[in-house]
Every structure is written in structure tokens, then in C-alpha cells.
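Each remark here refers to the structure printed beneath this line.
Heavy atoms only: backbone and side chains are in, while hydrogens, waters and symmetry mates are out. Read the numbers this way: they start at 1 and go in the same order the structure lists the ligands and their atoms. Since the structure is predicted, the reported quantities are computational estimates derived from the model, not experimental observations.
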Amino acid sequence: MKTLVLNAGSSSHKAALFDFAKGETALWRSQLDWTHQAGRVELTAQTADGRQHQAVLATEDKTTGLRWMLDTLVEGPVQVLSALNEIKAVGHRVVHGGRDYQQSIPITPAVKATIQQLFPLAPSHNPANLQGIEAMESILAAVPQVAVFDTAFHAQMPAAASTYPGPYEWVEQGIQRYGFHGVSHRYVAHRTAELMHCELSDLQLITCHLGNGCSLSAIRDGISVDTTMGFTPLDGLMMGSRSGSVDPGILFYLMRQDHCTPDELDTLLNKAAGLKGISGLSNDLRQVLEAAEQGSDRAQLAFDMFIHILRRQIGAMLGSLGRLDALVFTAGIGENSATVWQAACQNWEFLGLQLDPAKLQRSSTDQDIAAAESKVRVYVIHTQEEWAIAQDCLKILGA
Ligand code: AMP
């Protein structure tokens, strides 16, 4: 079954085509970037056999851009299909599924209406996700579509973990911890169980998704029982340009002292904080580490804070588990930075967690970097969110 996966954002669209007969490597991947030039969209595409394509189209219309992107599947340098009707399913990454969706689901008018009702909770994501769904409905009219929600994996968190200690009215208003990166946390949890030759239901894990956005999930019996992101993806860990958790009193102070508006605070905490805000240099950890090595005190502080907050939150996740079988690192930082693995794991020797220094070289395959005698395994796993979305399509529609 050939399955297309679409991650539709407000300024970029990422798509991948999988053929289950050929395994988890995408046959074709493509990206549309709408950010560089007004009125133009840039396309990049590549195939599993190494062919590449780049082009620019003068349009502002997202559906036109997506139609153009799908045309590269059937003609030109990255062609991999003879006709679009070979595509049997489309899986969509949808950021917010609210309380309603604990699992992936075939898209119906009722599902679309719920995604729309959730616009206020994910104003920069759900509208773009719905637009992607509607574009695919118009381009691939007869093809069944599936919504895979970033929040769904966390939707079974116990109320004590998902409820904020505000007034009880917040519960009725849907102001609660939803958590995000669920597709990634779920995928790496299953992969860890596979690598440990165990049932996921027998394991207690902490998964660390450390990319531009960062979050942790405490996983018990295959269920996310706690996570660091909250009502929005701003909560929790220090990130590339997002602050993570800060004392909300700071916001009142800035509103009163500096007359900051909600939009200014939003920009400050989402775009000018985190590694970028503290280092004054970049949201990219590689550049922050480089500057720290060259003697930048602010870059060193940014890195030290990133690690301190990560360890503090790993400790918080431990509090939601009864034991720890494995700590799992994934995403851009989590998959690549031996400096972060070492620094993040330093505090946990008292749990019997020990890294193997010989295993800290980056390897292209998923690996266990713990010492043989370590009581806690430590995995570095390449997250494959698109593949996880495609697999959900197969589960739901394949039969
Ligand atoms: P993602 O959001 O998963 O694509 O992750 C992107 C981020 O991963 C970048 O902004 C970098 O901060 C980080 N990253 C990627 N490679 C490395 C590396 N070798 N060392 C440290 N950080 C990295």
C-alpha cells in the first residue's frame, strides 16, 4: 500500500511517500518553503535512490503549491509513481486533537469540525493542518485520509498529571496539560521495546525529544503518564528559542512595568528566549557549544541551563514512574549530541545509570549507549514520525 504523509505547517509543507512492501525508507520526500520570497514557494525533493530536484513557483496559494509538489511524484527528475491513483492513503500530522482523540482516526466531516473547534488552542498549527487536509481532499478526492494527533499519545495521562492547579473552572474550559511530540514519543517508546526484546507494557521509560522544540514523556505500561509540554508547546524544557516553564509572575511584571502586550509576550517567550535568548547567538545548540568553547560566557550559561533544566525535568518524570528501565534520546539534539548525553546522564549514577564512553561516537543506527553493567539502559533512537503516521494509516485502513 502506497501511503502519502503530509505535515502541513503555516510556512512549510513536508511530505513523504512510503510503500509498505519496501519498508520504512521513504520512496520520495519533498518540502515546500513559503518563507523566503513573498508570492513564491520553493520546492525541494529527493528520492530513496538519490535523485534530487529543486524549483520555485510563483504562487501564494497553498493548494496550488501542494498540487505542484504532488506532480513531482509522477513526472520529472524525482518521479516515483506512474499515476497519483497509486496512492491508497494520506496520513496527516495534526497538532491538536484536544480531549476527544486518544488515537489516530479516519478523517470525516466531524473530525474536521473538531480540528476547527480546536483552532484557539493551536492557532499556528491546526488551521494549517486543516488546510492541508482540505487541499488533499481536492487533489486526491477518492483517497481515504487519516488524522494522527500530536496530543493523542498523552491523552490518557492521569487527571493529577494533566490538571493545572488553577481554579476548577479551567478543567471545564479545557485549560489543561495536553502535551505534544506524541507521535515521536510513541514511536521511540515502541522502538525501545523492540530493541530491548520486551513488551512495551512491561517497561518504564523516559523519552527525551530534544530538537528545536524539546519535551519529555514518562511512559508506564505503554501509556504517557506525564509530559513536560502543557496547554501549549511552550511549557517545560528550555528549547531553541522557546523559554519553557517560567514563573507566570514574570509576565504580570512585564505587563505592568514595560506595558508588554500579549502578542509581545508571545513573541518574547516563543521566539526570543531559550538557547537563543540566553546566548544572544543562535537557537542551534551546535553554534552555542562552539561559542562556549571559544569562551563566550553567555553561550556557556545557555548550555549549562539547558542541561540543568533537562536534568531537573527528568527528575520530575521519575516522580511519575516507579522505576526506570531506559532513558531514550531522540530528535536533532537527542540523536546527535554526545555532549548532551554525557551531561544529562551525569546526575543519575545513584540509579545505577552508567554510560559506556566507547559508545558515544555517533552511529547511524539506533543504539544503546549505556555500559554493560548499567542498571538503566540509555538509547539513542532516530525518530521516524512520518513512518509512524504511515503505519497508523495501514493499521486503520489496511485491513
Ligand atoms: P529537530 O527540530 O529535531 O530538527 O532538531 C534541530 C536541532 O537539532 C538544531 O537546531 C540543532 O540545535 C540540533 N542539532 C542537530 N545536530 C546537532 C549536533 N550534532 N549537535 C548538537 N545539536 C544538534
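Salt-bridge annotation for Asp368 and Lys359: absent, with no side-chain N of the basic residue lying under 4.0 Å from a carboxylate O of the acidic one.
At the shortest separation from atom 12 (O) of ligand 1 among protein heavy atoms lies Leu285 N, 2.9 Å. Protein heavy atom nearest atom 13 (C) of ligand 1, with residue, atom name and distance: Ile333 CG1, 3.4 Å. Regarding atom 11 (C) of ligand 1, its nearest protein heavy-atom neighbour is Asp284 OD1, 3.2 Å. Protein heavy atom at the shortest distance from atom 20 (N) of ligand 1 is Arg286 CG, 3.4 Å. In terms of protein heavy atoms, atom 10 (O) of ligand 1 is closest to Asn212 OD1, 3.7 Å. Regarding atom 19 (N) of ligand 1, its nearest protein heavy-atom neighbour is Asn336 CB, 3.3 Å.
Counting the atoms of ligand 1 from 1 in the order shown, those under 4.0 Å from a heavy atom of Gly211 are 1 (P), 2 (O), 3 (O), 5 (O). Close contacts between ligand 1 and Ser337 involve ligand atoms 20 (N), 21 (C) [criterion: under 4.0 Å to a heavy atom]. For ligand 1, the atoms lying closer than 4.0 Å to a non-hydrogen atom of Ala331 are 3 (O).
Here Phe180 and His96 bring their ring centres to under 6.0 angstrom of each other. Here Trp387 and Phe20 bring their ring centres to under 6.0 angstrom of each other.
Closest to atom 5 (O) of ligand 1 by heavy atom, among Gly332, Gly240, Gly213, is Gly332.
The local environment of OH in Tyr253 is sparse, with at most 12 non-hydrogen atoms from other residues, nucleotides or ligands closer than 6.0 Å.
In plain terms, the two heavy atoms of Leu281 and Ala299 that are nearest each other are CD1-CB, 4.2 Å.
Contacts classified as ring pair (Phe, Tyr, Trp, His ring centres under 6.0 Å) and involving residues 97-120 (residues at least two apart or in different chains) are given here: Tyr101-Phe149. Evaluation of the ring pair (Phe, Tyr, Trp, His ring centres under 6.0 Å) test over residues 294-317, restricted to residues two or more places apart or in two chains, returns none.
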